[in-house]
Amino acid sequence: MKPQSTFEREPARRVFASELRETRYQFKDGEDEKSPTYVILPTGIRSNRIFVVGTLTEKQRQGDQNIFYRGRVVDPTGTFFIMAGSYQPEAMQQLARIEPPAFVAVVGKPNLYTTPEGNCLVSVRVESIAVVDRETRDLWVLDTARETLDRLDAFGTTDDSRKAQEEYGTQPDLYRKIVYDALSQVQL
Amino acid sequence: MTLSEVTERISRKLEAKGAQPDRQKIESRLRRLVEEFGVNVDEAERTVTGDLAREYNVTGVGTGGSSSTELRQIRDLAPNDWVTIEGKIVALTPPVSPSIAQTGIIADSSGAIRFVAWARGNPPAMEYGHWYRLESAVVDEYKGAPNLKIHSGTTIARAEEDAPLLPSITPIAELKPGVGSVRAKVIQDWEVSHDRMLQTGLLGDETGTIKFVIWKEEGKDRLELDAVYNVYYATVDEYNGRLSLALNTAMYIPDEGDIEVGRNESETRGALVHIGPGSGLIKRCPVEGCNRTLSRQNYCPVHEIQPEFRYDLRLKGVLDDGVHAKNVLMQREVVERLAGITLEEAVGIAETNPLGMDEIFYRIRNTVLGRYYTCSGSEFDGRLLVNSCTPIVFEPAELAALLNRAGGEPA
Ligand SMILES: [Zn+2]
């Protein structure tokens, strides 16, 4: 456990859907029950919160006693699977009110789980969600491109990126290509 | 205190003055004085420091020992000096313990220093506004600032006449822990965070800004927002590397004219990823000088139920650039512009909508959450107090630059 004299909120990392989909490795930073759980993103940074902006294409209410909502948020590279349950009633109510399709901004926690068939899936547990406009979506693509390129530039020089290399065998050029393709879809 | 610690301290003092003392030599001299001659460690330290300072031909080293009757300027006093000064008592503060007879601030034309007179020596009480000569007082350090100790060996004599004294004004950017006088404008008036606090806010001059606090005390008045004051002999405190001014020791006098405040502003870009509780429409305590946020039941933690509250708008949020999450606090004017709603409109909606004040929280949150902004303002205690906040707009040039950076063919 690191002694924390001043609490600093975890930043919300910017990550494209196709990178988050590849995420498999998570760890707890500390022994405590309350220690934060992080995933290592393939481009080499730990994250326990992400910020995504995309199009909510689908929303479903599920569960009988424990109601929760699932949704799909699409960016230029793929799909984020989001969910909001009774543990975050505010977020659930926000999601319940939004009618797809709509541009949405989502702040949430990346969450890894394994299906009964043994597949590893990544979802985003929503902390907040709001309807935004196309310009915010475009700004997010630029922002996420910039952050991803910054991580790729530092790849191999940080502990987290060496861990990513070990876990995923990340090929930086592949991610540069993903960034390029995402940017290409933004209309001037 | 071991001799090697003392050796280290003496070496550091001399090194700070550019000398390169031999630690072994220092320690052996100390040991000789202490072990062979039975001198106590403090006295040995003074002697060795003084001897070496002369040998290395350096001045301004606090030697402690050589009880000097040479008159010194207050500005030049350094910890461990034994000194004689002449100064005017410009502030007296309530002693914090029965072992202390008097505390306050003494000043000459070069500067000012806090003093403490210990009760054990039964020193004569010094009077506010008069000049005194203090012989054999000791300078030590208290909370990072020089502090003058008046002990049983100090001689106190009232000066024959009380000369006029003009405090020297220090630019805010050059203040150091201790005592300081500034000419400054009141640029922000904040909500007080403590029962005993009369007022807190931000003072600024051409060189920068500094937080100030006035604790409740008889005869202490509030400063007026946007007015310029001469503040004489405020206490400069340091906490977590940040300076602030406590005005209880100070005399503050309104001054003519205006000041173009040099704001040490910082700018942050990012997305608003969180809108905290306590944002939106709030109620404030109407009691003069209180301004605290009331509970839903109009309850002020100090003044209890206040049905005649006044409304206000504010936003407590987190602006996040993907690498750092920064707490931001926006006041009414900024929130009005950002959310496109005036305070009057917000009050009108809250008083007619079934959700009441919550409705305003949701409206503001839905307008700003997840959007990109550039916020500028001054930073205090890890929070950006936002003076202006503008939405970031899409720049095609930025897209082109990123496409280039990603290394593909030009689009
Ligand atoms: Zn009150």
Side-chain angles (χ1 to χ4, degrees), chain A residues 5-15 45 47 49-53 90 93-94 97-98 103-108 127-153 173 175-184 186-188, chain B residues 239-242 268-277 279 316-328 339 355 358 361-374 381-384 391-411:
Chain A
S5 53
T6 51
F7 173 78
E8 199 176 322
R9 183 185 155 103
E10 278 292 327
R13 301 291 177 189
R14 317 299 203 245
V15 57
I45 195 112
S47 166
R49 175 175 286 133
I50 63 173
F51 174 60
V52 306
V53 181
E90 285 261 318
Q93 285 162 26
Q94 290 162 30
R97 259 183 246 124
I98 301 172
F103 287 115
V104 291
V106 178
V107 181
E127 293 180 302
S128 301
I129 181 167
V131 174
V132 295
D133 54 10
R134 170 179 279 274
E135 185 173 20
T136 303
R137 201 288 306 262
D138 290 348
L139 286 170
W140 178 83
V141 174
L142 299 195
D143 188 21
T144 304
R146 189 185 316 105
E147 293 295 317
T148 307
L149 291 172
D150 284 352
R151 295 197 290 268
L152 292 172
D153 286 350
D173 283 349
Y175 282 98
R176 280 183 202 281
K177 174 87 168 61
I178 289 171
V179 169
Y180 185 84
D181 290 345
L183 290 166
S184 304
V186 176
Q187 282 161 15
L188 283 173
Chain B
Y239 181 69
N240 280 347
R242 232 170 241 137
T268 307
R269 289 163 64 95
L272 268 175
V273 297
H274 179 68
I275 312 301
S279 298
K316 289 165 128 177
V318 177
L319 192 70
D320 182 316
D321 67 0
V323 179
H324 296 290
K326 172 146 289 176
N327 290 314
V328 296
L355 285 176
D358 286 345
F361 175 86
Y362 293 130
R363 284 196 188 200
I364 292 176
R365 190 196 58 194
N366 290 340
T367 314
V368 301
L369 185 76
R371 312 288 175 123
Y372 284 90
Y373 296 100
T374 302
D381 299 331
R383 172 175 283 180
L384 189 73
I392 294 178
V393 295
F394 181 81
E395 301 278 359
E398 192 150 12
L399 173 60
L402 283 166
L403 277 164
N404 267 334
R405 208 184 138 191
E409 306 299 310

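Side-chain atoms are counted along with the backbone in the values below, which use heavy atoms only and exclude waters and symmetry mates. None of these values were measured; they are calculated from a predicted model. To find a chain, count down the sequence lines: A is the first, B the second, and so on, and within it residues start at 1.
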Check: Per the side chain to side chain donor-acceptor pair (under 3.5 Å) rule, which among Arg14(A), Arg9(A), Arg13(A) passes with Asp320(B)?
Finding: Arg14(A)
Notebook entry, point to check: So do Asn366(B) and Gln94(A) actually touch side chain to side chain, heavy atoms under 4.5 Å?
Noted result: no
Check: Would you say His274(B) and Arg49(A) make side-chain contact, with heavy atoms under 4.5 Å?
Finding: no
Checklist line | Atom group of Ile129(A) that falls short of 4.5 Å from chain B, counting heavy atoms | finding: backbone
Margin query: Tell me which of these, Ala325(B), Gly322(B), Ala401(B), has more heavy-atom pairs under 4.5 Å with chain A than the rest.
Written below: Gly322(B)
Next item on the list: Would you check if Glu147(A) and Asp321(B) make a side-chain contact, meaning some heavy-atom pair closer than 4.5 Å?
Entry: no
Next item on the list: In sequence, state the C-alpha distance, the side-chain angles, and the governing distance for Ser128(A) and Val273(B), and then conclude on side-chain contact (heavy atoms from CB on, under 4.5 Å).
Entry: CA-CA 8 Å; Ser128(A) 301; Val273(B) 297; over 6 Å; no
Checklist line | Nearest heavy atoms of Pro11(A) and Val323(B), plus distance in Å | finding: CG-O, 3.2 Å
Notebook entry, point to check: Which heavy-atom pair separates Leu369(B) from Val132(A) by the least distance, and what is that distance?
Noted result: O-CG1, 3.9 Å
Item checked: Portion of Val368(B) that has a non-hydrogen atom of chain A nearer than 4.5 angstrom -> neither
Next item on the list: Of all the heavy-atom pairs spanning Leu142(A) and Leu402(B), show the shortest one and how long it is.
Entry: O-CD1, 3.5 Å
Next item on the list: Take Asp153(A) and Arg405(B), measure what salt bridge (charged side-chain N to carboxylate O under 4.0 Å, His left out) needs, and give me the verdict at the end.
Entry: CA-CA 10 Å; Asp153(A) 286 350; Arg405(B) 208 184 138 191; 2.8 Å; yes
Item checked: Most chain B-contacting option - heavy-atom pairs closer than 4.5 Å, from Val179(A), Asp150(A), Asp181(A) -> Asp150(A)
Margin query: Could you report the tightest heavy-atom contact between Gly370(B) and Phe51(A), atom names first, then the distance?
Written below: O-CZ, 3.4 Å
Notebook entry, point to check: Just wondering, do Glu90(A) and Tyr362(B) contact through their side chains at under 4.5 Å, heavy atoms?
Noted result: yes
Item checked: Minimum heavy-atom distance Leu139(A)-Tyr372(B), with the two atoms named -> CB-CD1, 3.7 Å
